[in-house]
Amino acid sequence: MGKKYNPKDFESKWQEQWFSKMEYSAQDLLSDKEKYYQLVELPYPSGPGMHIGHTRNYSMADAVVRLRRMMGQNVLFPIGWDAFGLPTENYALKVKRPPQEITTESIDNFRRQLKRLGLTFDWDREINTTDPEYYKWTQWIFLKLYEKDLAYMTDMPINWCPKCKTGCANEEVVDGKHERCNTPVEQKKLKQWVLRITEYADRLIDDLDSVEYLDSVKALQKNWIGRKTWYDIDYKIEGAEEVVRVSTTRPDTQFGATFVVVAPEHEILQRLKEQMPEENRGSVEEYIEESKNKSEIERLDESREKTGAFTGLYCINSISRKRLPIYVADLVLTTVGTGMVVGVPAHDKRDFEFAQKFNLPVIRVIEDLNGDRSEIESVEKVYTDEGVVFNSDFMDGLSTTDAQKEAGRYIEEKEIGEVKVRYHLRDWNFSRQRYWGEPIPIVHCEKCGIVPLKEEDLPLELPVLAEYEPSGDGQSPLANITDWVNTTCPKCGEPAKRETNTMPNWAGSSWYFLRYCDPHNDSELISKALDRYWMRIDHYEGGSEHITLHLLYSRFWHKFLYDIGVVGDPEPYQKRTIHGVVLGEDGVKMSKSRGNVISPDTLIEEYGADVTRAYLMFMGPYDGNVVWNTRTIEGVNKFVKRWFAFIQDAWESSEQSSEEVGVGVNRLVKKIEESVINWRFNTSIAAFMEFYNNYNSKTFSKADLETLITISSPIMPHLAEQLWDITGHNSLVNNQAWPKVDKEMLVEDTLEIPVQVNGKVRGRVTIGRGMSEDEVREIVEKNEKITTFLEGATIKKFIYVDGRIVNIIV
RNA sequence: GCCGGGGUGGUGGAACUGGCAGACACGCGGGACUUAAAAUCCCGUUCUAGCAAUAGAGUGGGGGUUCAAGUCCCCCCCUCGGCACCA
């Protein structure tokens, strides 16, 4: 075997050994080892296969789990396929083939690529969300949700994508467009399955205290849920018996309220119509009609001018006793508060703009931290920060926060309203009018209404169809399959019809990590013992695109499964981090249309798996975006070749290692261990290179060379295996124990430290280990280079930081 | 506007709990080997001045704490990501 690095000669050989022997499978319930569950996001198997981003992220996770196994941990590192959903279905429609077939092909291709990279996933735990054996349990969770009244049907208006011909969740609408296809969504009234995620809103926020997500991830979760305390207050309509309930989150500014705005869709407008003066009624009706024709996008356009119409009505603020005009305006949405809000122009920018447009008074009631009470005469001066309340009767002198509490107390005591927590989060629209998803296990019976399937009848399999083009009329393609749709009611046995909507893509991925722990269990979703052993997931590595929705949905389902006793922990993930993205050479996201896509297959073909992996890790920090650069991969390629030859040469000429070499090897072990565990692979590889630069001409003992081969294996596993073989070992190096750092070896007897004069480095001295300050001072004062800087000056202070640095102040 | 990251050579990026700024790599310059090229190897490379030893400046800008600041504190600028007529 030559010293020339030729990865094609050996990479596949070692892969076969790893995968056929299943050397790295996790061992269930093994109690004498520490368990470690490393989760990576399960990929969507699409036609083009593995993206360079997957290659990078999985290579990193693989390096970490290889190290952890060598350190003696029982590691669970599984993979699976999130294969239902629109991309495959749309592609299948285009090429006129069944999605089942396409999915199988894509998975086979993806699996081949992952293996070709040498990733040590636990292949006998592979799952596939489109496999009836898997989605049986997705359907089972749905039945449980239904049983607990957390899944319900409603015909609320939903977001409808006219291009994809399906409804979608609020979360999938970005800037008024369907995120998958960028088509503006419309509002459509459809009978929908909805999950009551709002029921879990508080816990989804509060339990974040028990996990170690990045701060930004926690903030995003909280932000999305958007918990706020609202103060709903009853105002009496002037000259009528009618009472309206208005909302505010700033009751401390009640005395500064100068108007009330109601959303155009608000039903109260119909009731109040009679009481409106003749001259206002017409314009109000006209305004309502106009706003009906406005699209969601138009309405949410912040930059457009404020519009609205005066109703001619007034109400009495039940806190300030002031008389406020009532306006209708589309800047208020029915879903916000009670759909009627209090306008306080002095302390809300939007209210100020509205007041200017309609010539309404501006009354300041909060002074700033400098006690400023000057008039608010421009938008820039609108004061929204904390301060002290004035001109506000019983709230005078209180801070804004205290005044809010006081107002809340007042409202409840006088029984003029209610303090209420509201959320931005809406219930989760769970129906899709498409074919390629989990069928919802429900039957509609004329007599019995909505009837769930019996658990023992699961899975309800998706029929294989010849035609599955969505009709666009709001019906799922399944609706046309009469012999599937027509069934009998599980309750009364009479003819009934199946639910034809399918579940969204999020369903299967909301619990997949549990199935990895117990993938072949056909009597339970997961056994209690395996759940208690493997969960919670120690580290979930993934992309930023899934930190709001997937995280929220899966945490919700997990809490539900905890509530019904399936799992033993209300939170699934202990730690969640976000990887960076590999951008194209032009600095832009890789895409087919831009032609800047780098294919992992090509790289592996040209450089081999190890160089590909190592380079992707070397490019930059784990959490940063990196720009692809074809030139710089050569640097890593060069190093890997040299490292391969160096170990072999050193082995042939091996003798005793000098103390210096021993120290160097130990340092390197420590550095590699720390940097890999902390996902700082770019510095691991730099450490290897640095070691090579400093030590490649030295003589090594066989034991030290074995150590070097062993520590190479997390990052360059094939190369390490090959070297282990060449040097006459009959085992797998990836199975060796991680070398123990010899702490004694790390401390040298003498060390060189810098000497500063007035904070500037002026020389260096060699001192002994454990020397006292006086001894060090003696050495420093004998050093000519330094004494030239001390001539004619008196030493004011001599600072010696043990083993680090000397600083002399003159 | 709010929330969360970031600003370090020509480039990607190092720098542990404050202790030699620029590790490692790319690029660039020079050299060795070669008839020549490729490959490989060696040397140099923050900026400014100088042949050089060396000196001065230097981590977005300004101020502060400290013997010592890329790192800590205050103010400002720029930038990336997320959310947003959220009342």
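Below, chains carry the letters A, B, ... as their sequence lines are ordered, and counting in each starts from 1.
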[M] and [N], which share atom name [atom1], separated by this distance in whole Å:
N     : M     : atom1 : result
B:G58 : B:C26 : C1'   : 23 Å
B:G4  : B:C24 : C1'   : 30 Å
B:U11 : B:U46 : C1'   : 13 Å
B:A21 : B:C16 : P     : 14 Å
B:G22 : B:C75 : P     : 32 Å
B:G81 : B:G13 : P     : 15 Å
B:C47 : B:G10 : P     : 7 Å
B:U45 : B:G61 : C1'   : 29 Å

Separation of [X] atom [atom1] from [N] atom [atom2], in whole Å?
X        : N     : atom1 : atom2 : result
A:Asp649 : B:U40 : CG    : C1'   : 14 Å
A:Ile578 : B:C80 : CD1   : C1'   : 13 Å
A:Leu214 : B:C80 : CG    : P     : 21 Å
A:Lys671 : B:A23 : NZ    : P     : 14 Å
A:Ile672 : B:A14 : CD1   : C1'   : 14 Å
A:Ile685 : B:C26 : CD1   : P     : 13 Å
A:His546 : B:G82 : NE2   : C1'   : 15 Å
A:Met617 : B:A25 : CE    : P     : 18 Å

I want to verify a distance call: between [options], whose nearest atom is closest to the [X] side chain?
X        : options             : value
A:Pro621 : B:G13, B:C24, B:C85 : B:G13
A:Leu331 : B:A87, B:C86, B:C24 : B:A87
A:Ser216 : B:G4, B:G27, B:A87  : B:G4
A:Arg642 : B:C41, B:C85, B:C3  : B:C41
A:His424 : B:G27, B:C86, B:C24 : B:C86
A:Val761 : B:C26, B:A87, B:C20 : B:C20
A:Thr683 : B:A87, B:A14, B:C41 : B:A14
A:Arg764 : B:C20, B:A14, B:C83 : B:C20

Across the strands shown, which category fits [X] at heavy-atom distances under 4.0 angstrom: base, sugar-phosphate, nothing?
X        : result
A:Arg422 : nothing
A:Arg762 : sugar-phosphate
A:Arg804 : base
A:Gln756 : base
A:Asn629 : nothing
A:Ile799 : base
A:Lys796 : nothing

Ring centres of [X] and [Y] under 6.0 Å apart?
X        : Y        : result
A:Phe354 : A:Phe259 : yes
A:Tyr692 : A:Phe688 : no
A:His424 : A:Trp224 : yes
A:Phe358 : A:Phe310 : no
A:Trp230 : A:Tyr423 : no

Taking OP1 and OP2 of [N], is either one under 4.0 Å from a side-chain nitrogen or oxygen of [X]?
X        : N     : answer
A:Lys760 : B:G19 : no
A:Asn682 : B:G12 : no
A:Lys638 : B:C26 : yes
A:Lys797 : B:C67 : yes

Q) Hey, mind stepping through A:Asp232 and A:Arg245 against salt bridge (charged side-chain N to carboxylate O under 4.0 Å, His left out) and telling me if it holds? A) CA-CA 6 Å; A:Asp232 294 354; A:Arg245 180 159 279 200; 5.1 Å; no
Q) Between A:Pro754 and A:Leu220, which has a closest nucleotide on RNA chain B that is more 5'? A) A:Pro754
**Q.** Earlier contact from the 5' end, RNA chain B, for A:Gly620 and A:Asn693
**A.** A:Gly620
Q: Please confirm whether any donor atom in the side chain of A:Arg350 sits under 3.5 Å from an acceptor in the base of B:A87, or the reverse.
A: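 Counting by modelled atom types and ignoring angles, a donor-acceptor contact under 3.5 Å is found here.
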Q) Quick one: does A:Lys349 reach the base of B:C85 with a side-chain donor-acceptor pair under 3.5 Å? A)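 No, the side chain and the base share no sub-3.5 Å donor-acceptor pair.
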**Q.** Donor-acceptor pair between A:Tyr607 and A:Glu634 side chains, under 3.5 angstrom
**A.**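 Their side chains do contain a donor-acceptor pair, which is all the 3.5 Å distance test asks for.
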**Q.** Any side-chain donor near an acceptor of the partner, A:Thr401 and A:Gln404, under 3.5 Å
**A.** no
Q) Does A:Asp348 pair with A:Arg250 as a salt bridge, N-O distance under 4.0 Å? A) no
**Q.** Syn/anti label of B:G7 as read from its glycosidic torsion, with the cut at 90° from 0
**A.**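 The base of B:G7 is oriented anti (glycosidic angle more than 90° from 0).
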Q) Paired stems touching RNA chain B, three or more consecutive Watson-Crick or G-U pairs with both distances under 3.5 Å? A) B:1-7 with B:77-83, B:10-12 with B:24-26, B:27-32 with B:40-45, B:46-49 with B:54-57, B:60-64 with B:72-76
Q: May I ask you to decide if the ring planes of A:Tyr553 and A:Trp506 are parallel, tilted or perpendicular, using 30° and 60° as cut-offs?
A: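 Rings of A:Tyr553 and A:Trp506: perpendicular, over 60°.
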Using atom types as modelled, flag every donor-acceptor pair under 3.5 Å from a side chain in residues 211-219 of chain A to any protein atom, sequence neighbours excluded.
| from | atom 1 | to | atom 2 | distance (Å) |
| --- | --- | --- | --- | --- |
| A:Glu212 | OE2 | A:Gln574 | NE2 | 2.7 |
| A:Lys218 | NZ | A:Leu208 | O | 2.9 |
| A:Lys218 | NZ | A:Val211 | O | 3.0 |

